[in-house]
Student: 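The structure under discussion is supplied below as structure tokens; questions concerning it will follow.
Atom set for the values below is all heavy atoms of this structure, side chains included, hydrogens, waters and symmetry mates excluded. Please read all numbers here as calculations on a predicted model, not as lab measurements. All chains are named by letter (A, B, ...) in the order of the sequence lines, taking the proteins before the strands, and each is independently numbered beginning at 1.
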Protein chains: 2
Amino acid sequence: MSAVGEPRSFNDLESVLIAAADEFLLRGYDAARIGHIAAAAGLSKSSLYHHVEGKEQLLALGSDRALAGLERGFAEARRLPDPAESVRRLIELVIEDMTDRARLPFVALLIGVRGNSELERRALDERRRYDRELAALLERGQAGGAIRVDVPADVLARLCFGTLNSLHSWVRPDHPDVVSIRSAATAYVLAGITATR
Amino acid sequence: MSAVGEPRSFNDLESVLIAAADEFLLRGYDAARIGHIAAAAGLSKSSLYHHVEGKEQLLALGSDRALAGLERGFAEARRLPDPAESVRRLIELVIEDMTDRARLPFVALLIGVRGNSELERRALDERRRYDRELAALLERGQAGGAIRVDVPADVLARLCFGTLNSLHSWVRPDHPDVVSIRSAATAYVLAGITATR
DNA sequence: GTCTATAAATGGATAGAC
DNA sequence: GTCTATCCATTTATAGAC
């Protein structure tokens, strides 16, 4: 146990990644400062560079985590045979990811990616694969009569992800009502995509 | 009429503002380069600085335009006595703004504002006033029975704007089907906020 | 009003001591 | 593994000629 005022010792890569994602979330990739990330992780800039290659690698590691979360959601959704149930569960899981304190910085980081560098384009391409998978899922739901057919499935998928991806900018994961906000968001999105009888 | 290859002459402030908003839209404020903006407007950096004070002013002028568009939409919506009709019209107008080639860069610019500088915080505060006005409108709609009551009006307003604000990232204003995409987005949002009978 | 040249500052990345 | 000091590329912004 160290006394107050002593320099903090280095914890692990995890704390660096969280610090980086938090900084990216707060300022965006370009405005993020390596010095801020280092300070938040309790390191000097030089020490940070001893552990990671640079700013781009921090972005890559962070977006990989966000993509892994998406993949987990889709993996569970794929296991459900009914497309309507599958979509519902997927939306729930994505919203959970988006409003979880530990996951939010990574998710927001991925959403903020603009695709200007080669690295960013790769991350964006990965994300688009999930756009297409959701569209395919919605299309099956349309065929089954559960999903509205007056909007093309690919447009519906974009609208759906558009709503979900906007959550990070205003939902506070530590908000006392985060559970009811999650179910509100789920209800809103489902109403938007469900077929009217 | 000047010959091909001649250096372009300065047009007016308008072309500078559009070039700036395009650059901000493409790269985000921090990654935007003054040199790119100057080149796109057919000027050298120095000449650009002869006309505007700097990067921050370009952001301020652009976000002012976006806010003016929002104000126009709300002004028209306010004139409609029925809250449900008012919300519907507002959504249509915001979507139109968001998918108009000439307006999109300014709108996207405002949406991208993160609130890190004093200037950005002011723009963000202006935007929040419209969040609240939409919430008030939705609340009146809830009282009248047209808007769903299982989600609080302020949450509904955030979800609604969240969907609308995501359009800029994937709707191409020059897309041949932009008209049908507009009505699809309107239908989706309205389904999300409308009371089920 | 437009340019070239340059100042001034920022910030990512590295050297090298401990 | 961590630090201080520094390098150096980039980029905003300005000076001053035409």
Student: Are any of the side-chain heavy atoms of A:L25 and A:H168 separated by less than 4.5 Å?
Tutor: yes
Student: What pairs with A:F106 under ring-ring contact (aromatic ring centres under 6.0 Å, His included), at least two apart in sequence or on another chain?
Tutor: none
Student: Going by an N to O cut-off under 4.0 Å, is there a salt bridge joining B:E126 and B:R122?
Tutor: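 Not counted as a salt bridge, because no side-chain N and carboxylate O are separated by less than 4.0 Å.
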Student: Answer yes or no: does a side-chain N or O of B:R33 lie under 4.0 Å from OP1 or OP2 of D:dT12?
Tutor: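 Yes, because at least one side-chain N or O of B:R33 sits under 4.0 Å from OP1 or OP2 of D:dT12.
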Student: Could you tell me the separation between the NE2 atom of B:H36 and the P atom of D:dA13, rounded to a whole number of Å?
Tutor: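 Whole-Å distance recorded here is 15 Å.
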Student: Would you list the protein and nucleotides 15-18 of chain D atom pairs, both N or O, that sit under 3.5 Å from each other?
Tutor:
{"from": "D:dA15", "atom 1": "N6", "to": "B:S46", "atom 2": "OG", "distance (Å)": "3.1"}

Student: Between P on D:dT12 and CD on B:E23, what's the gap in Å once rounded to a whole number?
Tutor: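 The distance from CD of B:E23 to P of D:dT12 comes to 9 Å, rounded to the nearest Å.
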Student: Are A:R72 and A:E76 ion-paired here, with the side-chain N under 4.0 Å from a carboxylate O?
Tutor: no
Student: Remember a base hit wins even if backbone is also touched, and classify A:A32 as base, sugar-phosphate or nothing at under 4.0 Å, heavy atoms.
Tutor: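 Result for A:A32 = sugar-phosphate.
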Student: B:Y29 versus B:L58: any side-chain heavy-atom pair under 4.5 Å?
Tutor: no
Student: State, yes or no, whether a side-chain contact exists between B:R182 and B:V179 at a heavy-atom distance under 4.5 Å.
Tutor: yes
Student: Assess whether a salt bridge exists between B:R65 and B:E14, defined as any Lys/Arg side-chain N lying under 4.0 Å from an Asp/Glu carboxylate O.
Tutor: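 Result for this pair is yes, salt bridge flagged.
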Student: Name the closest nucleotide to the A:K45 side chain, picking from D:dA13, C:dG12, D:dC3.
Tutor: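 For A:K45, the side-chain atoms sit closest to C:dG12.
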Student: I would like to know whether A:R158 and A:D131 meet salt bridge (Lys or Arg N to Asp or Glu O under 4.0 Å); could you show each step before the answer?
Tutor: CA-CA 7 Å; A:R158 297 269 201 175; A:D131 277 8; 3.7 Å; yes
Student: Rounding to a whole Å, what distance do you find between A:D30:CG and D:dA9:P?
Tutor: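 For the pair A:D30 CG and D:dA9 P, the rounded distance is 20 Å.
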Student: In whole angstrom, give the distance that lies between atom CD1 of A:I37 and atom C1' of C:dG11.
Tutor: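 Atom CD1 in A:I37 sits about 12 Å away from atom C1' in C:dG11.
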Student: Whole-Å distance between C:dT4 P and B:L43 CG?
Tutor: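 From B:L43 CG to C:dT4 P: 12 Å.
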Student: Regarding B:S44 and B:S47, is there a side-chain donor-to-acceptor distance under 3.5 Å anywhere?
Tutor: yes
Student: Specify the residues of residues 52-59 of chain B, ordered by number, for which at least one heavy atom lies under 4.0 angstrom from an atom of DNA chain D.
Tutor: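 Under 4.0 Å from DNA chain D: B:G54, B:K55.
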Student: Measure from the side chain of B:H51, starting at C-beta and using heavy atoms only, and say which of D:dT12, C:dT14, C:dG1 lies closest.
Tutor: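 Looking only at heavy atoms from C-beta outward on B:H51, the closest nucleotide is C:dG1.
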Student: Just compare C:dG1, D:dT2, C:dA13 and give me whichever is closest to any side-chain atom of A:H50.
Tutor: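 Of the options given, the side chain of A:H50 lies nearest D:dT2.
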Student: Could you tell me how far apart B:I34 (CD1) and D:dT12 (C1') are, to the nearest whole angstrom?
Tutor: 7 Å
Student: D:dT6 C1' sits how many Å from A:Y49 OH, rounded?
Tutor: 14 Å
